[in-house]
Every structure is written in C-alpha cells, then in structure tokens.
Amino acid sequence: MADDASLNEFLATAVDAAKRAGEIIRKGFYQPKHVEHKGEIDLVTETDKACEDLIFKHLKQQYPTHKFIGEETADACGATELTDEPTWIVDPLDGTTNFVHGYPFVCVSIGLTIGKVPTVGVVYNPIMEELFTGIRGGVASLNGKPIKVSAETELMKSLLATGTGTNRDKLIMDATTNRIKNLLVKVRSLRMSGSCALNLCGIACGRLDLFYSLGYGGPWDVAASIVIVQAAGGLVYDPSGKNFNITSPRIAASNPSLKDAFVEALELPE
C-alpha cells in the first residue's frame with residue numbers, strides 16, 4: 001500500500017482531472033447532443049469520449065507506469081483485466097441518459113485500486129457543483145467538508161435508492177419490479193437518480209440510507225464511490241450479505257446498523 005503522502009498526491013491529481021472533465025460536461029450539458037447507442041437503451045455521447053480521453057491523458061502524464069480501465073475504452077476494446085498494479089478505473093460520465101435529457105444527476109467518477117483494493121475515490125457532479133472525495137482509511141468529504149453515513153437504525157424509516165438498469169429482458173424486468181414492490185412496504189420511500197456513483201455518494205453523506213444495484217455496467221460505476229462510502233463509515237457488500245467483489249455487477253451499501261435487516265429484506269441468493 002502506498003504511504004499517506006502518495007495517496008494524497010493521487011487524490012489531488014484525480015480531483016484535477018475530474019474538474020477538467022467536469023468543464024466539458026458542464027458546457028455540453030446545455031448544448032444539443034450527438035447520441036449513439038451502445039445497446040437498445042444504453043447511450044454514449046461525444047462528451048463521454050472527450051472526458052475519458054482528457055482524464056486518461058492527464059493521469060498517464062503523471063503516472064505512466066499505472067494501469068487504466070475506462071468505460072468507453074472497455075466498450076470499444078473489451079474489458080481490461082484488473083491486476084495488483086495501481087489501476088485507475090474511470091467512468092467519464094456516469095448518468096449519460098440523465099445528461100442527454102438535461103437531468104442534473106451526472107458525474108465524473110475516478111477511482112484508483114492498489115492490489116485490487118479501491119483506495120482513492122473522486123466523484124464530481126459539475127452541474128450541482130458537488131465534489132466527493134475519499135481515501136481508504138481516511139476521511140470522506142463533500143466540497144472539502146467531512147461527511148458521514150446516516151445514523152438510521154430502522155428499515156421503515158430509511159430512504160432506499162436503486163436503478164432498473166438497461167436490460168429489457170422480460171424476466172429480468174419482472175424480477176426487478178417485483179423486488180422493488182416487495183421492498184417498498186419495508187422502507188420509507190424509494191429514489192432512482194440514474195447514477196450508481198451518485199447513489200453511493202448519497203449513502204456516504206447520509207442523504208440516502210440504503211442502496212443496491214444488480215447488473216450495473218462495470219467496475220467504473222463503483223470504483224471511486226465505494227472508497228467514499230467506506231471512508232464515511234459505511235459498508236459496501238454483496239446484496240446477499242457476502243463480501244463485495246468489484247468484478248461482479250452486484251452491490252449494496254448502507255450504514256453498519258442497517259446491513260443485516262437490509263440483506264434480509266433483499267432476499268437475494270449468493
């Protein structure tokens with residue numbers, strides 16, 4: 001593991017890259033978009049590609065020996081295997097559908113893994129001007145001020161967030177909607193922001209109490225924000241209650257007090 005000075009340097013570099021990419025997102029947000037389809041529902045824009053190019057160029061100049069995994073690169077060239085080497089995992093624009101529709105829940109997500117362990121995280125929403133940061137074993141912050149997960153202990157008083165994903169297979173959609181219907185009678189209410197990274201940051205700062213996702217896009221959706229959740233005192237785990245695996249597209253997050261009840265309510269097999 002890198003020392004504290006190195007981790008702080010990595011964080012500062014990631015913040016700089018996120019803010020530069022955020023300027024591209026902010027400018028593009030208010031302009032007509034050129035939209036392409038990666039699937040029936042999944043979208044990509046010129047802004048996604050421009051942001052990833054900018055972020056990778058900036059990081060590679062600083063850390064030429066590090067590895068890099070990005071959403072748009074993986075879509076174009078195939079996923080890159082995660083190794084023990086320091087690896088930057090980037091979602092240049094999480095919430096592309098929101099971006100296309102002018103819905104302001106969009107962000108840049110930049111995470112660094114060391115020994116396959118998420119260690120540094122930066123999530124930046126340039127439209128709402130919110131910068132979330134975290135270092136493993138350190139402090140999580142929002143715009144430079146420390147944040148903590150909620151202190152809620154009761155499921156029925158908890159605010160839940162999730163998403164429906166982009167798979168429109170009937171069996172998957174039925175399972176998704178049935179699960180949501182079952183959960184709605186066990187929690188206070190439900191929110192869907194359309195950004196996995198921002199949902200996790202919502203857990204980190206106590207706006208949300210519970211979050212789960214099944215079948216999200218890839219490690220770039222969570223690599224940064226799970227560091228922020230953990231640094232804020234939260235837990236990240238598989239929805240079955242087992243340990244979280246960054247290579248598996250299943251995630252749940254909450255404060256420690258709610259984990260057992262949440263896992264029971266989700267009723268998901270391992």
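Values below: all heavy atoms of this structure, side chains included; hydrogens, waters and symmetry mates excluded.
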Nearest-0.5 Å distance that lies between atom CZ in F211 and atom CG in L200
5.0 Å
For the atom pair OH (Y212) and CG (L160), what is the distance rounded to the nearest 0.5 Å?
6.5 Å
Which is it for I110 and H58 under the side chain to side chain contact (heavy atoms under 4.5 Å, CB included) test, yes or no, and what are the steps along the way?
CA-CA 12 Å; I110 303 175; H58 183 73; over 6 Å; no
Could you go through the side chain to side chain contact (heavy atoms under 4.5 Å, CB included) check for L183 and L266 one step at a time?
CA-CA 7 Å; L183 285 168; L266 284 168; 3.9 Å; yes
Does any N or O in the side chain of E152 come within less than 3.5 Å of the main-chain N or O of L258, such that one atom is a donor and the other an acceptor?
no
Between K49 and D53, is there a salt bridge with N-O shorter than 4.0 Å?
no
Just say parallel, tilted or perpendicular for the rings of F105 and Y103, cut-offs at 30° and 60°.
tilted
Short side-chain to backbone donor-acceptor contact, N98 and V106, under 3.5 Å:
no
Hits for side-chain hydrogen bond (donor to acceptor under 3.5 Å, both in side chains) against Q62, two or more places apart or cross-chain, chain-then-number order -> none
So, does D94 use its side chain to make a donor-acceptor pair with the main chain of A197 at under 3.5 Å?
yes
If we count only N and O atoms by modelled type, under 3.5 Å, do the side chains of T96 and D48 hold a donor and an acceptor together?
yes
Does any non-hydrogen side-chain atom of Q230 lie less than 4.5 Å from one of V236?
yes
Main-chain N/O of N245 paired to T247 side chain as donor or acceptor, under 3.5 Å
no
Value rounded to 0.5 Å, distance of OG1 in T113 from CG in L82:
4.5 Å
Nearest 0.5 angstrom please: L159 CG to R207 CZ, how far?
11.5 Å
Starting at CZ of R250, measure out to NZ of K242 and round the result to the nearest 0.5 Å.
11.5 Å
Can you tell me if S254 and Y237 form a side-chain donor-acceptor pair at under 3.5 Å?
yes
Indicate whether the side chain of T13 and that of D16 have a donor and an acceptor atom separated by less than 3.5 Å.
no
Within the 4.5 Å heavy-atom criterion, are L198 and C107 side-chain neighbours or not?
yes
Does any N or O in the side chain of N255 come within less than 3.5 Å of the main-chain N or O of G233, such that one atom is a donor and the other an acceptor?
no
